[in-house]
Number of protein chains: 2
Amino acid sequence: MPEITRGADRPPGTRYGNRPTMKDVAARAGVGLKTVSRVVNGEPGVTPDTERRVQEAIDALGFRRNDSARVLRKGRTASIGLVLEDLADPFYGPLSRAVEEVARAHGALLINGSSAEDPEREQELALALCARRVDGLVVIPAGSDHRYLEPEIRAGVATVFVDRPAGRIDADVVLSDNYGGARDGVAHLIAHGHRRIGFIGDMPRIHTAAERLRGYQAAMADADIPVAEHWMSLGATSPERVRREAEAMLCDRDPVTAVFTGNNRVTVTVIRVLAEHSRQVALVGFDDIELADLLQPGVTVVAQDAAALGRTAAERLFRQLDGTLVTPERIELPTRLITRGSGELSPAG
Amino acid sequence: MPEITRGADRPPGTRYGNRPTMKDVAARAGVGLKTVSRVVNGEPGVTPDTERRVQEAIDALGFRRNDSARVLRKGRTASIGLVLEDLADPFYGPLSRAVEEVARAHGALLINGSSAEDPEREQELALALCARRVDGLVVIPAGSDHRYLEPEIRAGVATVFVDRPAGRIDADVVLSDNYGGARDGVAHLIAHGHRRIGFIGDMPRIHTAAERLRGYQAAMADADIPVAEHWMSLGATSPERVRREAEAMLCDRDPVTAVFTGNNRVTVTVIRVLAEHSRQVALVGFDDIELADLLQPGVTVVAQDAAALGRTAAERLFRQLDGTLVTPERIELPTRLITRGSGELSPAG
DNA sequence: CTGAAAGCGCTTACAG
DNA sequence: CTGAAAGCGCTTACAG
């Protein structure tokens, strides 16, 4: 096993000082710098013999082109940034993967960052990515004011917002039909005889949460059902809060017979609460969840297509970079109601 | 709304050509380049008055330092790469997030890439990241020969392998105790009276799959239970194959009374098969899965701590970069048996 | 077919 | 306290 030299053994600040450069390759092959560049980049105009000599020098020295230097000269970095809420959330995994696949198809790398739903952290991250001169940015907004990105967009950073709209700037946005999905989900509960329906969602400043609540309210209004204030609860999706709210709605003097949950995290907690509850309560949740079909009853959901959101956004990003796209648009992807049992329970008593 | 200039309106190849540089700021503020650099980097030795003038020029021009250029001069890029199998897999989300958090604490960005379990793609990705001169690389290996990374490691790229060991090179490795976890899980089934226990796992070339099979075999041997060849199945984790194998084991003339599943994807499919099956069959799965506690029966699992794997690996990576770490080590994190019902069923008949 | 010079946007090392 | 020159490792534009 060859001794592997670690950072510690090298003079500080010269991590790559011992890396061979094109200059080293040129010297060894006895050719000019530009000729090495030609060989490395597969450009034409090099005799087979010269090419062979250069290639030998490359192999002997273990040369690998420094793309950072290349980037500085070329302008484009062939990398894009993705700012999302939390990579660990099962909703963002597929979205992120979809963005990555599109990036890969365009020869670009993907830099990921989690904002943890903190607007300041979102901004810090997005601007750090711009400082690295990513070619484009896919942002799932945590904040509601994105004017800080205007100079970057003007300087040529392609930008697409996903899942939630951009705040106070005109930009490409790819969303799910949150309003329509929630409205359909709640209408489904109403169609099964429910009138006392609770809504538990995420913090009201999050666009998707507000839109889904609006959908709930529209469905209730369409059916002429007056909504009690305490049937609606927006706030942090921590299990503690959701549990408290769900229990309150269920044990009220005036208990709900069905609950519509505003996202996957809320749904999971409410399922737990309902499992401990004696009376059967209907449930429809926004976002699909794994194994939803195997629970008793199966969980009826309004599913959005996370991968499609990511794919659509990334494709628009690269079309911006192509110059094919000029006018910002708002794209809305449909949701899908998947019935599995929990949403088809009729009101008890 | 101000007109936003898109890529299309700019001469090709000069995306950032219109970005102000330190030189522009210097000219506008009437100072030298180095003075701008001092202000931008918060270095001492600038009069308050000069600093103010420079700051004004920065704001007026909308200057943002080009970190790509900075990196070229400084040596370190303050970015690390993570090569994993699939960002969309619920196991890798938390792992990835944990790596990101550690990177963030060290002021570094994270570039993610999915190998899709393809050794060639792993290599291509890892080398592309090296060409970008990431400071370090966290790799969840798809391949079994990582000698291609030797020149990079020698050149100073910190490297840590996670989840599976490196192949044919000496490097830091952070693993779960796959062997011990599987052995304990199978021993748990044996303790509940099972002797006919099936094992369905991932492809044998994947280290974790092989180790878990070894754990299964050890537990069976410890209990003096001879293992029939057709009780063990390693292969692709596609639902089709897993379903076929599970059904074969269950409907055999000599059916198993319990199944040990080798990872989360296999577990999910086997749960589906068992749900359709008339006879109750015990199940213990490797990897925890969401909502496992809410199924009927709850799913007993051998859980690994994905976040801890990521955190541990990333921390070692930065310790390599500090120079605090010199000798490659193999770290094994414990697994945890979580009993929820399915693993405590006794053999039927 | 080949290469010397200039430059990408910064930082380093040094001199005033 | 301040700045001119050189250089990081490439590519571009040009000349031979």
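For the numbers below, each heavy atom of this structure counts, side chains included, while hydrogens, waters and symmetry mates do not. Lettering of chains follows the sequences in order, A, B, ..., and the numbering in each one begins at 1.
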Exercise for the section: Rounded off to whole Å, could you give me the CZ-to-P distance for the Arg52(B) and dC1(D) pair? Expected result: 17 Å
Exercise for the section: State whether a side-chain donor-acceptor pair under 3.5 Å links Ser96(B) with Asn112(A). Expected result: no
Exercise for the section: Salt-bridge test for Glu150(B) and Arg168(B): reply yes if a basic N is under 4.0 Å from a carboxylate O, no otherwise. Expected result: no
Practice task
May I ask you to say whether Glu100(A) pairs ionically with Arg104(A), meaning some side-chain N is under 4.0 Å from a carboxylate O?
Solution key: no
Problem - Over all atoms of both residues, closest heavy-atom pair of Pro119(A) and Gly143(A) - result: CB-CA, 3.6 Å
Just the table, please: protein N/O against nucleotides 12-16 of chain D N/O, every pair under 3.5 Å.
residue: dT12(D); atom: OP1; partner: Lys74(A); partner atom: NZ; Å: 3.4

Practice task
Would you indicate what Asn41(A) reaches in the nucleic acid, counting non-hydrogen atoms under 4.0 angstrom: base, sugar-phosphate, or nothing?
Solution key: sugar-phosphate
Practice task
May I ask you to say whether Arg52(A) pairs ionically with Asp49(A), meaning some side-chain N is under 4.0 Å from a carboxylate O?
Solution key: yes
Fill in the blank from the handout: The correct set of residues in residues 21-33 of chain B placing a heavy atom under 4.0 Å from DNA chain C is Thr21(B), Met22(B), Leu33(B)
Exercise for the section: Would you indicate what Ser68(B) reaches in the nucleic acid, counting non-hydrogen atoms under 4.0 angstrom: base, sugar-phosphate, or nothing? Expected result: nothing
Exercise for the section: Would you mind reading off the distance between Ile58(B) atom CD1 and dC10(C) atom C1', rounded to a whole angstrom? Expected result: 14 Å
Exercise for the section: Before accepting this row, confirm whether a basic side-chain N of the pair Arg133(B)/Glu152(B) lies closer than 4.0 Å to the acidic partner's carboxylate O. Expected result: no
Exercise for the section: Could you check how far CZ of Arg53(A) sits from C1' of dT2(C), rounded to whole Å? Expected result: 11 Å
Exercise for the section: Whole angstrom is fine here: how far is it from CZ in Arg76(A) over to P in dG9(C)? Expected result: 16 Å
Problem - Shortest non-hydrogen contact from Thr312(B) toward Ile331(B) - result: CG2-CD1, 4.2 Å
Handout entry: Electrostatic pair Glu101(B)-Arg97(B), nearest N-O below 4.0 angstrom
Key = yes
Exercise for the section: Can you run through DNA chain D from 5' to 3' and write each base as (, ), [, ], | or . depending on how it pairs? Watson-Crick or G-U wobble, both distances under 3.5 Å. Expected result: |||.||||||||.|||
Completion exercise
Rounded to whole Å, CZ of Arg65(A) lies from P of dC8(D) at a distance of 19 Å
Exercise for the section: Please determine if a side-chain N or O atom of Thr47(A) lies less than 4.0 Å away from the OP1 or OP2 oxygen of dC1(C). Expected result: no
Handout entry: Residues Arg121(A) and Glu85(A) bridged, charged N to O under 4.0 Å
Key = no
Fill in the blank from the handout: Whichever of Thr35(B) and Leu72(B) has the more 5' nearest nucleotide on DNA chain D, that residue is Thr35(B)
Problem - Heavy-atom closest pair, residues Val83(B) and Ser115(B) - result: CG1-CB, 4.3 Å
Practice task
Give the minimum heavy-atom separation between Val173(B) and Arg164(B), together with the two atoms involved.
Solution key: CG1-O, 4.2 Å
